[in-house]
Amino acid sequence: MTTAMSRRAALGFGSVAAATAVFGTADSAAAEEASLSVSAQATPEQAAAAISLVYKAATKKAGGTWNAKVSVEAAAGPISAVDEGVDDTVEAYSVNKIPVAIAVLDKVDRGLLSLDQRIEVTSAIVIPGGDGIFSLDGAYPSSVTLGHALAALLTVSDDTAVRLCGLVAPALEINQILVAKGFPRTQVEPVANPNRFFLGTTTPTEMHNLLRALVRGDLLSPASTAYLLGVLRSPIAFTDGVRREMSSDERARIATKAGWFDDGRNEAGIIFDTAGAPLLTYAFFARGQAHPEDFGATHPAVQARAAMGRAFLSILARLSGPAELTTLTARTYRPSNGG
């Protein structure tokens with residue numbers, strides 16, 4: 001297949017805007033013509049092929065090293081769209097906050113913890129600077145519920161919330177829970193203090209499989225599954241990457257968690273159809289791109305994920321998730337003006 005044919009085929013599955021963002025084409029007429037060739041009966045296999053082309057173009061443009069696994073759901077099982085270095089051990093950074101939350105919620109499901117139990121926030125436990133809200137409080141000690149800590153952990157990626165989770169689920173216990181659930185390479189890194197840890201490592205395959213198992217209800221109770229996915233799909237969850245070029249309704253269809261440190265820029269999540277059935281699972285781990293000092297939306301890897309997200313949603317627009325998979329309804333987003 002020629003480069004021109006590959007480019008044209010991928011354009012045919014997405015909008016002109018998405019195609020231009022990924023491929024950088026100046027030929028708007030050609031892009032418009034290609035976009036009109038979208039099949040109303042696009043299959044998961046066709047979608048996976050188009051997603052593969054989009055991924056290759058976007059990551060080539062961003063540069064650096066990428067480890068990634070992406071699949072499209074189909075009645076017979078997931079169809080691979082991207083498999084690049086999928087069994088390499090990678091630094092997960094804050095993407096591993098999802099497994100940490102799963103371990104904590106596993107204890108909730110077993111009656112060992114509850115979301116409404118309170119945790120004390122002391123000045124000693126607060127990590128200054130970095131990401132999150134606890135370091136902005138300016139008044140300690142205070143206390144929050146475990147549910148509040150988990151919400152902060154997964155939305156604004158609060159660094160102190162990691163330590164708060166460690167108070168109720170020590171590092172070794174988190175790792176044991178993850179091993180028992182079938183993820184021996186998705187592990188936090190213990191330190192001298194048993195209640196603290198670095199966020200550790202994973203593989204693209206394990207993170208991808210963990211997300212698919214989560215949405216199918218294989219890891220947690222229905223209530224904990226709905227809670228966790230609801231937080232990851234909330235309007236305040238990460239929006240600089242895959243969800244950036246989307247409406248509020250479109251963002252609500254995507255459960256996502258990003259992670260960043262040094263030159264690493266990661267993101268993993270699930271795209272749902274409009275009815276709430278999972279359509280696509282992605283796990284991106286990137287490093288070595290230009291401008292490692294830039295932790296904003298202008299970093300090359302983050303820009304690549306934003307372009308891919310918009311294109312993926314367009315590619316999947318004609319598809320529905322398998323009816324037998326668990327479906328979840330997102331909360332209606334109602335902004336408030338105070339009062």
Side-chain angles (χ1 to χ4, degrees), residues 3 6-7 10-11 14-28 31 50-70 81-98 127 129-132 156-157 159 189 198-205 207-208 237-246 251 254 256-269 271 282-315:
T3 301
S6 298
R7 180 165 161 257
L11 289 172
S15 67
V16 177
T20 302
V22 175
F23 295 101
T25 177
D27 189 351
S28 59
I51 284 166
S52 176
L53 294 172
V54 167
Y55 169 82
K56 289 176 182 176
T59 55
K60 180 179 179 181
K61 183 177 179 181
T65 299
W66 290 75
N67 295 80
K69 187 171 181 65
V70 183
V82 177
D83 284 283
E84 184 167 13
V86 295
D87 294 321
D88 293 347
T89 299
V90 293
E91 294 290 340
Y93 302 131
S94 288
V95 169
N96 257 7
K97 289 175 181 175
I98 297 177
I127 300 176
D131 298 295
V156 293
S157 202
D159 295 329
E189 181 183 344
F198 295 116
L199 285 164
T201 57
T202 187
T203 70
T205 293
M207 186 57 61
H208 169 275
F238 188 74
T239 57
D240 273 351
V242 168
R243 304 204 306 172
R244 189 167 80 209
E245 303 299 328
M246 296 180 186
R251 286 177 174 177
I254 300 176
T256 199
K257 183 71 191 75
W260 52 91
F261 191 71
D262 289 338
D263 69 341
R265 301 293 185 276
N266 307 331
E267 189 170 0
I271 297 178
Y282 58 88
F284 298 124
F285 299 90
R287 62 191 184 279
Q289 289 76 26
H291 306 296
E293 76 288 349
D294 179 6
F295 291 95
T298 54
H299 185 277
V302 181
Q303 288 183 319
R305 299 200 317 263
M308 285 191 282
R310 180 68 261 171
F312 290 177
L313 207 62
S314 298
I315 290 166

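Quick note: residue numbers are just sequence positions, from 1.
The salt bridge (Lys or Arg N to Asp or Glu O under 4.0 Å) search around D159 returns K97, not counting sequence neighbours. Q289 meets the side chain to side chain donor-acceptor pair (under 3.5 Å) test with no other residue; sequence neighbours excluded. Every residue two or more places apart in sequence or in another chain was checked for a side chain to side chain donor-acceptor pair (under 3.5 Å) with R244, and none qualifies. Partners of W260 under the side chain to side chain donor-acceptor pair (under 3.5 Å) rule, at least two apart in sequence or in another chain, are D131. In this structure T205 satisfies the side chain to side chain contact (heavy atoms under 4.5 Å, CB included) test together with K69, V86, D87, T203, N209, sequence neighbours excluded. Judged as a side chain to side chain donor-acceptor pair (under 3.5 Å), and not counting sequence neighbours, N96 has no contacts. Partners of Y282 according to the ring-ring contact (aromatic ring centres under 6.0 Å, His included) rule, which considers only residues two or more places apart in sequence or in another chain, are F284. In terms of the side chain to side chain contact (heavy atoms under 4.5 Å, CB included) criterion, residue partners of A268 (sequence neighbours excluded) are, by chain and number, V95, M207, L211, A283. For K257, there are no salt bridge (Lys or Arg N to Asp or Glu O under 4.0 Å) partners at least two apart in sequence or on another chain. Contacts of S52 classified as side chain to side chain contact (heavy atoms under 4.5 Å, CB included), with partners at least two apart in sequence or in another chain: K56. Remark: E91 engages Y93, T201 in a side chain to side chain contact (heavy atoms under 4.5 Å, CB included) (not counting sequence neighbours).
Minimum heavy-atom separation, N67 to G85: ND2-O, 3.0 Å. Here the closest heavy-atom approach between residue A290 and residue P300 is recorded as O-CD, 3.5 Å. Residues F238 and T256 share a closest heavy-atom pair of O-CG2, 3.6 Å. Between N266 and A92, the shortest heavy-atom distance links the atoms ND2-O, 3.1 Å.
By the 4.5 Å heavy-atom criterion applied to side chains, M308 and Y55 are counted as neighbours. Proximity of F285 to D88: side-chain heavy atoms (C-beta onward) are nowhere separated by under 4.5 Å. Side chains of L199 and S94 form a contact here, defined as non-hydrogen atoms less than 4.5 Å apart.
The main-chain N or O of G309 is never found under 3.5 Å from a side-chain atom of R243 such that the two would form a donor-acceptor pair. Judged purely by atom type and a 3.5 angstrom limit, R265 has no side-chain atom pairing as donor or acceptor with the backbone of V302.
A distance of 7.0 Å separates CZ of F295 from CG of D262, quoted to the nearest 0.5 Å. The line from OG1 of T202 to CD1 of I98 is 10.0 Å long, rounded to the nearest 0.5 Å. The CD1 atom of I254 sits 11.0 Å away from the OG1 atom of T239 when rounded to the nearest 0.5 Å.
Sorted by first then second residue, the side chain to side chain donor-acceptor pair (under 3.5 Å) pairs that include residues 297-309, not counting sequence neighbours, are E267-R305, D294-T298.
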